There are 2 protein chains.
Amino acid sequence: MHSVIVENYIKTIYQLENLEGRATTSLLSEKMQVSPATATDMMKRLADEGIVRHEPYRGVRLTGRGKKHALKIIRRHRLWELFLVQVLDFEWHEIHEEAELLEHCTSEKLEARLDEYLGHPTVDPHGHAIPNSNGEIPNIEYIPLASANPGDTVRLRRVNDDSSDVLQYLSQLGIELGSDLAIVEKIAFDGTMRVRVDGGEQFISEKLANHLFGELMKGGA
Amino acid sequence: MHSVIVENYIKTIYQLENLEGRATTSLLSEKMQVSPATATDMMKRLADEGIVRHEPYRGVRLTGRGKKHALKIIRRHRLWELFLVQVLDFEWHEIHEEAELLEHCTSEKLEARLDEYLGHPTVDPHGHAIPNSNGEIPNIEYIPLASANPGDTVRLRRVNDDSSDVLQYLSQLGIELGSDLAIVEKIAFDGTMRVRVDGGEQFISEKLANHLFGELMKGGA
DNA sequence: CTGATTATTTAGAGTCATCTAAATATTGAC
DNA sequence: GTCAATATTTAGATGACTCTAAATAATCAG
Ligand SMILES: [Mn+2]
Ligand SMILES: [Mn+2]
Ligand SMILES: [Mn+2]
Ligand SMILES: [Mn+2]
């Protein structure tokens with residue numbers, strides 16, 4: 001089995017690949033908070049193990065096996081997040097760091113029991129899809145809030161940000177998964193949005209709006 | 001914070017100290033499955049950190065701080081064991097190895113939530129006392145089954161053995177915490193006991209009987 | 001297309017946890 | 001009490017993961 005450290009590299013490579021097409025030395029070194037030299041070493045090591053394919057000077061991509069590894073870890077992460085919220089009454093901003101640790105000490109059996117206890121869930125508390133036990137993950141298409149226009153209403157389905165601060169801030173604004181965000185105004189200057197949520201009005205920066213995903217509701221209400 | 005490895009040394013030293021008065025190089029190296037040289041190194045390192053007091057050539061004893069560390073880890077271990085049984089429906093022989101991992105990835109908050117969810121429990125599924133959040137652990141006195149005599153009945157309260165095999169074997173014999181074991185006969189030759197449990201009769205070796213603890217019931221039934 | 005900038009890799013070294021082999025201290029048999 | 005057997009420590013070395021500094025490759029501006 002792999003060390004916690006190696007598992008974290010694999011997961012990070014998966015995320016970078018999804019986000020940027022592939023994991024380059026500099027992206028990986030930044031995400032993992034290590035020097036570029038260290039990232040290069042690890043990429044070569046994972047290539048030797050058949051977890052990634054390495055094209056020198058242009059980064060790595062996961063092999064099929066590598067993808068399976070990554071999805072297993074992500075599955076465990078998301079099952080734990082959901083478990084912490086549903087069973088132990090954690091808030092959605094308190095769970096990511098816990099799951100970052102728990103994902104590495106989860107046996108097959110424990111994973112299966114969590115999954116069963118939770119009723120084979122398909123999304124975690126942030127709206128991220130939970131890969132199934134075969135490592136298959138559905139690709140549900142939502143639109144970023146930032147792409148919607150005044151008059152539109154977006155039902156929030158996913159928050160693409162793990163930072164505790166952002167999630168806590170959203171809670172403060174009364175925004176959670178399932179909330180309907182009615183766009184009142186989009187300020188041309190900086191893209192900030194004025195939205196109505198549960199009767200109140202809130203401002204959402206363009207940066208934040210790019211991390212909020214949901215469905216466009218017909219008829220604007 | 002300490003690495004998983006160091007936490008395991010601390011916990012093992014605690015257990016050896018309870019069992020043998022103190023942790024010697026050879027005992028520690030055996031329990032930790034490392035060479036004596038490695039055990040010596042770690043004892044010196046922990047001494048430098050103020051976790052243990054080291055008398056060269058005669059082993060280590062935990063300091064007050066060291067004891068607190070150990071009890072924290074043991075608390076987490078036992079909370080997890082209970083959680084796995086009560087919530088996720090594990091059997092008592094399946095939980096120790098899981099808890100060996102989970103005990104090292106448990107935040108203060110997670111520990112508190114587990115404790116709360118379980119209703120501030122005082123014993124784990126093997127009958128071991130769970131230290132409270134101040135690191136206090138009650139010392140409940142039970143007698144080993146091996147010390148009882150024909151005619152006595154012992155109500156099982158604790159199994160001092162983490163091995164999955166032993167626990168599974170006891171389950172097979174229909175023996176669990178709370179079971180009343182009525183000693184029918186003690187074979188002089190090797191100390192094997194014939195006991196009546198739930199109507200049936202079972203043989204229990206002296207070695208096993210020394211790992212089973214309970215209360216002597218008045219009146220023999 | 002060339003030179004400068006930026007990204008990546010290589011070289012050399014350090015820490016942590018481990019080992020084996022050798023040196024030293026303690027214990028126990030006579 | 002002496003000496004052999006046993007336990008412990010010391011010395012020197014290794015693998016995993018990390019670093020900084022130097023070398024090299026890729027990219028981009030003009
Ligand atoms: Mn997360
Ligand atoms: Mn999540
Ligand atoms: Mn246990
Ligand atoms: Mn236990």
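Chain letters run A, B, ... following the sequence lines, proteins first and then strands; every chain starts at 1. Computed from a predicted structure; not experimentally measured.
Comparing dT9(D), dC19(C), dT9(C) against the side chain of H54(B) picks out dT9(D) as the nearest.
Listed by residue number, the members of residues 2-19 of chain B with any heavy atom below 4.0 angstrom from DNA chain D form an empty set. DNA chain D lies under 4.0 Å from at least one heavy atom of each of the following residues of residues 23-37 of chain B: T24(B), T25(B), S26(B), P36(B), A37(B).
Take D48(A) and apply the side-chain contact (heavy atoms from CB on, under 4.5 Å) test, not counting sequence neighbours, and it matches no residue. Residues satisfying the side chain to side chain donor-acceptor pair (under 3.5 Å) test with E136(B), not counting sequence neighbours, are N132(B). H128(B) meets the side chain to side chain donor-acceptor pair (under 3.5 Å) test with N160(B); sequence neighbours excluded.
Under the disulfide bond (SG atoms under 2.5 Å apart) criterion, the residue pairs touching residues 86-117 of chain A are C105(A)-C105(B), with sequence neighbours excluded. Residue pairs meeting the ring pair (Phe, Tyr, Trp, His ring centres under 6.0 Å) criterion with at least one partner in residues 38-78 of chain A, sequence neighbours excluded, are H2(A)-H69(A), H77(A)-H96(A). For the disulfide bond (SG atoms under 2.5 Å apart) condition, no pair includes a residue of residues 4-98 of chain B, sequence neighbours left out.
Remark: C1' of dT8(C) and CD of E55(A) are 14 Å apart, rounded to the nearest angstrom.
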Under 3.5 Å between N/O atoms: give me all the protein pairs with nucleotides 26-29 of chain D, atom names plus distance.
none

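For DNA chain C, the stems formed by at least three consecutive Watson-Crick or G-U pairs, with both atom-pair distances below 3.5 Å, span C:1-30 with D:1-30.
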Please list, one pair per line, the donor and acceptor atoms closer than 3.5 Å that link side chains of residues 13-26 of chain A to other protein atoms, with sequence neighbours excluded.
from   : atom 1 : to     : atom 2 : distance (Å)
E17(A) : OE1    : L62(A) : N      : 2.8
R22(A) : NH1    : R58(A) : O      : 2.7
T24(A) : OG1    : L27(A) : N      : 3.3

With a 3.5 Å cut-off and sequence neighbours excluded, list the donor-acceptor pairs that the side chains of residues 83-93 of chain A form with protein atoms.
from   : atom 1 : to      : atom 2 : distance (Å)
W92(A) : NE1    : L167(A) : O      : 3.0
W92(A) : NE1    : S171(A) : OG     : 2.9

